[in-house]
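Input: a single structure, listed below in structure tokens.
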Amino acid sequence: MSESADLLSATALTVFRLNGQFLEVSERLAGPAGLTAAWWQVLGAVLREPRPVAGIARTMGMTRQGVQRVADLLVEKGLAEYRPNPAHRRAKLLQPTAAGREAIAEIVPGHRAFADRLVAEMGVEGVRDCLDALQRLSGALARLDETVHEQA
């Protein structure tokens, strides 16, 4: 195998592990508020403004169908609601209800405390460097994925 292939494999495995670690932490933080990590993720995507399911999926790197299932559950549980979308009749907008906002607010103190512990462990610059590297990696993958789709 080439060095570039080895680096890609090691990076992918690290990202997969990191994703699992983030999901585990998120489940522990969201649980006491009666949410799952996925519910928190989708509600968090619409806290500032209502958004269509497809837009949430694109931003979060999830499938539209996966976000739709979570959104429907959130609506069923009274944590979110659908609103008409003036830009697109069929693609309704998802927005949190007061109960959804209250559930997210319950997570904030634990989230803040965990963030403070992470920054204490790594330092502000260390966390910023990680964020920058992850954003660059995500951008590169997106650009390369577009190229693959164009060639297919």
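This one's a predicted model, so the numbers in the text were calculated from it and none came from an experiment.
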Please report, to 0.1 Å, the donor-acceptor pairs under 3.5 Å made by any side chain of residues 30-47, with sequence neighbours excluded.
unit_1, atom_1, unit_2, atom_2, d
T36, OG1, A38, N, 3.4
T36, OG1, W39, N, 3.0

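- Distance OG1/T63 to CD/Q68: 10.0 Å, rounded to 0.5 Å.
- Panel note: side chain N85, backbone A91; a donor-acceptor pair is recorded below 3.5 Å.
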Donor-acceptor list for residues 107-131 side chains, cut-off 3.5 Å, not counting sequence neighbours:
unit_1, atom_1, unit_2, atom_2, d
E125, OE2, R128, NH1, 3.1

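- In this structure, CD1 on I56 lies 5.0 Å from CG on L94, to the nearest 0.5 angstrom.
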For residues 13-20, which side-chain N or O atoms pair as donor and acceptor with protein atoms under 3.5 Å away, sequence neighbours left out?
unit_1, atom_1, unit_2, atom_2, d
T14, OG1, A10, O, 2.8

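- Listed by first and then second residue, the salt bridge (charged side-chain N to carboxylate O under 4.0 Å, His left out) pairs involving residues 100-111 amount to none (not counting sequence neighbours).
- Sorted by first and then second residue, the salt bridge (charged side-chain N to carboxylate O under 4.0 Å, His left out) pairs with a member in residues 35-61 form an empty list; sequence neighbours excluded.
- Rounded to the nearest 0.5 Å, atoms CZ (R136) and CG (L141) are 12.0 Å apart.
- M60 and V67 fall within a single hydrophobic cluster, where Ile, Leu, Val, Met, Phe, Trp and Tyr side chains are chained together by heavy-atom contacts under 4.5 Å.
- Contact of the Q95 side chain with the E81 side chain is registered, since non-hydrogen atoms from C-beta on lie closer than 4.5 Å.
- In terms of heavy atoms, R64 sits closest to A54 at CG-CA, 4.1 Å.
- Residues satisfying the salt bridge (charged side-chain N to carboxylate O under 4.0 Å, His left out) test with R69, not counting sequence neighbours, are none.
- Counting non-hydrogen atoms of neighbouring residues, nucleotides and ligands closer than 6.0 angstrom, the CD atom of Q21 exceeds 12 such neighbours.
- Here the side chain of S138 pairs no donor or acceptor atom with the backbone of L134 at under 3.5 angstrom.
- When the side chains of ILVMFWY residues are joined at heavy-atom separations under 4.5 Å, either directly or via intervening members, V70 and L29 end up in a single hydrophobic cluster.
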